Structure formats: structure tokens, C-alpha cells
J.: 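One structure, as C-alpha cells, below. Some questions next.
All figures in this text were calculated on a predicted structure; none of them were measured in a lab. Here is how names work: the chains are called A, B, and so on, in the same order as the sequence lines, proteins then strands, and each is numbered from 1.
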Number of protein chains: 2
Amino acid sequence: MAKVTLQDIAGVCDVDISTVSRALRNDSRVTTASRARIHAAAKRLGYRPNLLARNLAGGSTRTLWFILPSLDASVDYRLVRHASHHANIRNYTLFTAMHDCDTFTSPSSQSLDHYSELIERAGQGLADGAVILPRRFYSDLSLLKDLVLRGFPIVFIDNYVESLPVPFVTTDNQTAAHELARRCVQAGAREAILLFEEQNAVAKARLAGAQTALRELGVPFVEMHQVPADWTPEILGSSVAILGSAQHYLHQFAVRHAEHLTGKNLVFGVFDDWLGEPSPARTVIIAVQDCETMTHRAVNNLIAQIEKKTQEAPGMDLIPIREFKILSGSF
Amino acid sequence: MAKVTLQDIAGVCDVDISTVSRALRNDSRVTTASRARIHAAAKRLGYRPNLLARNLAGGSTRTLWFILPSLDASVDYRLVRHASHHANIRNYTLFTAMHDCDTFTSPSSQSLDHYSELIERAGQGLADGAVILPRRFYSDLSLLKDLVLRGFPIVFIDNYVESLPVPFVTTDNQTAAHELARRCVQAGAREAILLFEEQNAVAKARLAGAQTALRELGVPFVEMHQVPADWTPEILGSSVAILGSAQHYLHQFAVRHAEHLTGKNLVFGVFDDWLGEPSPARTVIIAVQDCETMTHRAVNNLIAQIEKKTQEAPGMDLIPIREFKILSGSF
DNA sequence: TTGTACGCGTTATCAA
DNA sequence: TTGATAACGCGTACAA
């Protein structure tokens, strides 16, 4: 790895290092002749600018980080994809940093360490700002709080941490779940099972939306995080809707209670994605989040913070669902 | 974003900047007293070391890049996860860089630009080495070739580019597909449809393995990338195996030919993952790649190149399948 | 149009 | 044990 520097080129071309620097940046104040000569020499020697040095001198990296726990849900990947796209448009490079990557031997502690380390590094000059997707509540918010207080540009996406004055953009989950539940009933369901957990803001909003819709429609439902003691699957009627945040939860639940669900007329209501056949449901209704708009808003807000150096008014940016898809079996 | 530097701390504590540097790195040659004083001041002022400067001075970033087109297949995510884990163990930080993130308006050119940009940046001081997953054949290999020739440490994973002398690690796809086909026949299939494309090394190896197995067992098959002109789905018998690289391809094929497949006794053979019920198949046999071993080998090889500064003997490291899973329907 | 000199923040090598 | 000083590679006012 012989590293070629501006100095080396300067030596070969017999000019000063600063002339080389200007020539390679196509500064108009350099003779066309020597500019060509210098470019040729640079190419011949295999010169590559050192980004560390350039960023250190320039005071900016034009780099953003997208910090999130994992990429195992396809919606996460879609967010990263679109965020990267919008960052590129604004002439920034976006890097993905995941902090649940290291949860093999000792899940909780390792993961927390890795999370802290990322938050820590974000403010150490490697990035100009960060989009953060906080999937759960972190026990230790001090590092994040420090970062915010020091004025490091941050935008939350999808989920948020209530106690921090940071702008965030998320789906209007309550309205989305309301509509999703309504459509499930419209598709024939006469009772419903809600699989939304209560532990994060997103699921909480979805639970609230679905509850409201079902109450308005007079459709009875149970929530699986607080199953009534006397409830057994046997009391189910023949037309049931099951709503949850991801295929994973619905399928797991269906398999576990397969004996009671077989033969029923099932409608699944889910967010973002469904792979394969709807089975055992007759129909799957999918609420697809608008990842493109979400990331567009998030990245623009972040860059505004960076370039204007002024914190955007922190607040919630609620994005509507992009579309509702209906999936019916082919067999 | 008031940036606090060593200089600021030095001013407050009335010592030299180099003493501060040593104190904060817990160098034993600093008085316990002043070390405490300096640490306190650093904490009070909210000092964060600038990683750009540190890496520039130190000549190394202890950072690896995992460059890949996308993360839409779950196996990709698993590779990144494990690679990050192994990098952390060796005290490196691994970043994920995707180059198909930018394929919305003008797929081919944009994506190529982004790919080139990443390859270019990898060698510009931001990383010490890179694990590269080349999903397809890139039209322009010159940048990559340059990087290799300049001695930048690289390891290919999963797929590879034949003309480059770079070590790579991949699954023993031929043996895997051979076994997968054998198991499908064992599960009752009397003929087979192979959906492996011919365009990349991985699929080619899988195709070859499956072909060999089926010939050995005397089971007739068709390849869907070169369907015989006179072939129509109607000639299918009642027990058919369909083999492909991912759920996506199998399901798409099944839906397209639903009318001819309904009622048949189907066995699916697939790699890595299957979400939801096997429907329309009776059984899905899944060949799960050993991502942990693959990334372990790749990262270790990469770090060996970096630290010993000697190119490891380039060659193919073939990893066996981790396990074969069998998925049967619950309904 | 080109060269000089300094700054970016940190580490490391000398003296003292 | 500490302080001065030189790298690290590049950008850029300022002077020539």
C-alpha cells in the first residue's frame, strides 16, 4: 500500500504542493498546461486523496449516519435505501450503522455497549449528523442526551424518545391502524385479535387506532398482551381478523393456535410486508408505510440543521400510509 | 457544536497539550494527581476526541467496510451481522455500505456511479480493508482492479470476480444444491423444475449441483432459463420439485403457473429462508448457509492482510451448508 | 499564475 | 514527569 500524496506529485512535476492541490481541484487559476501535466502525473502515480486529511482540513465530512438496531424487517431496509438516495441527491454519503449486530454471546450488555459506542462515535467527527431509529427504550440515554445538548444534528425516524428535544418523523400509525382494522371488518371479520405490543410508541399508537376503529364498529376484540384469564381460543366465531405489526408475529401466533384457527375464515391485517401465500388467512391486508416521504423529510431536516447550523423546531412529522394492498391466495 | 479540543483542556489545566493527550490515554507517565485533574476538566468541558485527527496521526482507522449491493435478502443481513460481530471481536468497527441504494430514477447508471464511488472511497483512508460481496458482474472493473493492485486489503464473500487475484470465501454451492435436490426426490418428487439463473457464479454452481444429482437419480428436469420450445406445464406429473435460490423466485413462479400447479404434490427446495406457510407446496426444504463461519474466515483473512501487510494466498474457501431445515404446513 | 505559511486535532519523538 | 516540536495529508488566505 504505497500511499501517493500531493507531495509526491509535486516532486515529480517540480511545482509546489499547493499548485498540485489546486490543479487537481480544477482551479481556474492554474495554467491549462500544468494542470494537464499534473493530472497526468496524478493518474500515472495512482494518486488518491486522503479523505481523513481532507475532511480534517475542511471541517466537514459530508457524511451522514443512519443508526438503527437491525435490518431484519424489510421496512428498515427500505428506510435506509431511500435515506441513502435522498442523502446522495443532496451530495452527502450515508452510512448504515447497526448496533444489534453484536448480540451473540451476551445479548443485552454487548448490544448496549455497541449502541453506546456508535452514539459516541457519531459525534467524534466521522459524521456531520445522524438519522436515528430508536427501536426500544434504551436504559442509558445520557450519551444520546449529551450529543443532543452539544448541538450535534439528529433526527429521529419511525420511533422516538419522548424526553429528548429532537425533531422526528414517523408514520401516522394511529390513523393507519384505524383504517387497517376498518378494512379487515369490511372484508368480513366479526371479531378481532390484536397482537400489538405495548412497549414502544409505534405499537402503542397502532393499538390505539385499531381499538378505536373496532369500538366504533361494534366489533369485539382481545389484545394478546393482556389476555383475559377466562379467554380461550374456543370461543372464537368463524370470522376473525388478526392484526399485528409484522408477518412474523401473525404467523407465529397462527401456528401456535393452529388447532383453533383451522377452518375459520381469517383476515390478517399487517404492516409493510407479506411474503408468500396468505395461508392460513383468506386475505391479507397490508398497510404500506411511505418510506420515501419519511426519509425525504428526515434527511432534509437533518441537512437543514447541519448547513444552517440552527436546530429546526423539534416536532412530530406525521406521514400518512402510502397504500393498502390486498393479498389473496392463488391456490 | 462548540468543539472542545485538547488545546482547550490544556489551557484550563495550565499544562501542555501533549500532557493532556497522555493523561486522557491513561499513560502511566503522568502524575495521578494531574491525570485526575485533566480527566475532570475533559469531562466538565465535554471533550470528545476527533477521530479524523486521531486516525490521520495514527495511520490506521481500525475500520472495515462491508460493501454489497443491497440487503433485501435476509442472508445478506445475516452476513453483515456476523461480520460485524467478528470485526468487533478483533477490535475493529465494521460499516455497511450498499450501492444499490440509489436506483430509483435511472437504475443502471446511478447504481454504477454509487458503486464506483464506494470502491473509490474505500481506498481513500476511511477504511483499512473491505469485505466485498459482488452480486453481479460489474461492467467497469478498473477501479476495483486498481484498488487490488495498490495492495488495498480485500476479501470477496459469497460471490466473486474471476479475473481478480483476491481471496474469497463462499458456500460450497454445488454440493449444497446436490444434496438439496436429493432430499427433494427423497421427499417424493418425480420430476423437477430448476429456477437457478445462469448469470452469476453462485447460481451456476447450484444449477450444476442440482443437475448432477437429478441425473444420478434418473429424475427428469427442466431449467426455466432455457425452456424447451415444446414444453408446456401440462405435461407435468403429479409430484414435482421446484428448486431456486430464494422464496421470491419460487413463489413468483408458482403464482404465474398456478393453474397448472394446483392440486399437485409440490416440494420446494430453497436456500436460506422461507417465511410463512409452505403453500402451495406440501413441504419446503431449506438449505441454510453457514454465515457465521463464512464471515469468520473472511474477516480473519482480511485482518491478516491488514496487520501482516502481506497478501494472503488468494484462493477459494468453500464452506459447507450449516443445516437443512424441513418446513411442513400447520394448516 | 505560483509559492509560502499556517491551521485542522491528534500522536509520537525527542529534550529537558 | 513534562514540554516543545515534528509529523499525518490537505486546504487556503496571503504574499510574491
J.: CG of A:Asp8 versus C1' of D:dG9: gap in Å, rounded?
T.: 11 Å
J.: Does a side-chain heavy-atom distance below 4.5 Å link A:Val131 with A:Leu68?
T.: no
J.: Which angle, rounded to 10°, do you find between the first-five-pair axis and the last-five-pair axis of the helix from C:dT1-D:dA16 to C:dA16-D:dT1?
T.: 50°
J.: Between B:Leu51 and B:Arg22, which is nearer to the 5' end of DNA chain C once each is assigned its nearest nucleotide?
T.: B:Leu51
J.: Can you list the residues that meet the ring pair (Phe, Tyr, Trp, His ring centres under 6.0 Å) rule with A:Phe66, with sequence neighbours excluded?
T.: none
J.: Output the residues of residues 10-19 of chain B in contact with DNA chain D, where contact means a heavy atom of the residue under 4.0 Å from an atom of the strand; sort by number or write none.
T.: B:Val15, B:Asp16, B:Ser18, B:Thr19
J.: Quick check: do A:Thr61 and A:Leu126 have side-chain heavy atoms less than 4.5 Å from each other?
T.: no
J.: What residues in residues 25-43 of chain A put a non-hydrogen atom under 4.0 Å from any atom of DNA chain D?
T.: A:Arg25
J.: Distance check needed: D:dC10 P versus B:Asn55 CG, whole Å only.
T.: 15 Å
J.: Would you kindly give the CD-to-C1' distance between B:Gln7 and D:dA4, to the nearest whole Å?
T.: 12 Å
J.: Looking at A:Arg54, I'd like to know whether one of its side-chain N or O atoms comes within less than 4.0 Å of OP1 or OP2 on D:dG11.
T.: yes
J.: Nearest-Å distance, CG (B:Leu6) to P (D:dC8)?
T.: 19 Å
J.: Looking at A:Asp27 and A:Arg29, is there a salt bridge between them, counting it only when a charged N and a carboxylate O are closer than 4.0 Å?
T.: yes
J.: To the nearest angstrom, how far is B:Leu126 atom CG from D:dG9 atom C1'?
T.: 13 Å
J.: Which donor-acceptor pairs under 3.5 Å do side chains of residues 41-50 of chain A form with protein atoms, sequence neighbours excluded?
T.:
unit_1, atom_1, unit_2, atom_2, d
A:Arg48, NE, B:Glu120, OE2, 3.2
A:Arg48, NH2, B:Asp146, OD2, 3.0
A:Asn50, OD1, A:Leu52, N, 2.8
A:Asn50, OD1, A:Ala53, N, 3.2

J.: It should be established whether B:Ser21 places a side-chain nitrogen or oxygen under 4.0 Å from OP1 or OP2 of nucleotide C:dT11.
T.: yes
J.: Can you tell if the side chain of B:Tyr92 reaches within under 4.5 Å of the side chain of B:Val299, non-hydrogen atoms only?
T.: no
J.: Taking all non-hydrogen atoms of both residues, which atom of A:Ala298 and which atom of A:Val169 are closest, and how far apart?
T.: CB-CG1, 3.5 Å
J.: How long is the line joining NZ of A:Lys3 and P of D:dA7, in whole Å?
T.: 17 Å
J.: Of all residues at least two apart in sequence or in a different chain, which pass the side-chain hydrogen bond (donor to acceptor under 3.5 Å, both in side chains) check with B:Ser28?
T.: none
J.: Less than 4.5 Å apart, any side-chain heavy atom of A:Arg35 and any of A:Arg22?
T.: no
J.: Atom CG of B:Leu56 and atom P of D:dG11: how far apart are they, to the nearest Å?
T.: 12 Å
J.: Do B:Pro314 and B:Val166 come within less than 4.5 Å of each other through their side chains, counting heavy atoms only?
T.: no
J.: Is the shortest heavy-atom distance from the side chain of A:Val20 to the side chain of A:Cys13 under 4.5 Å?
T.: no
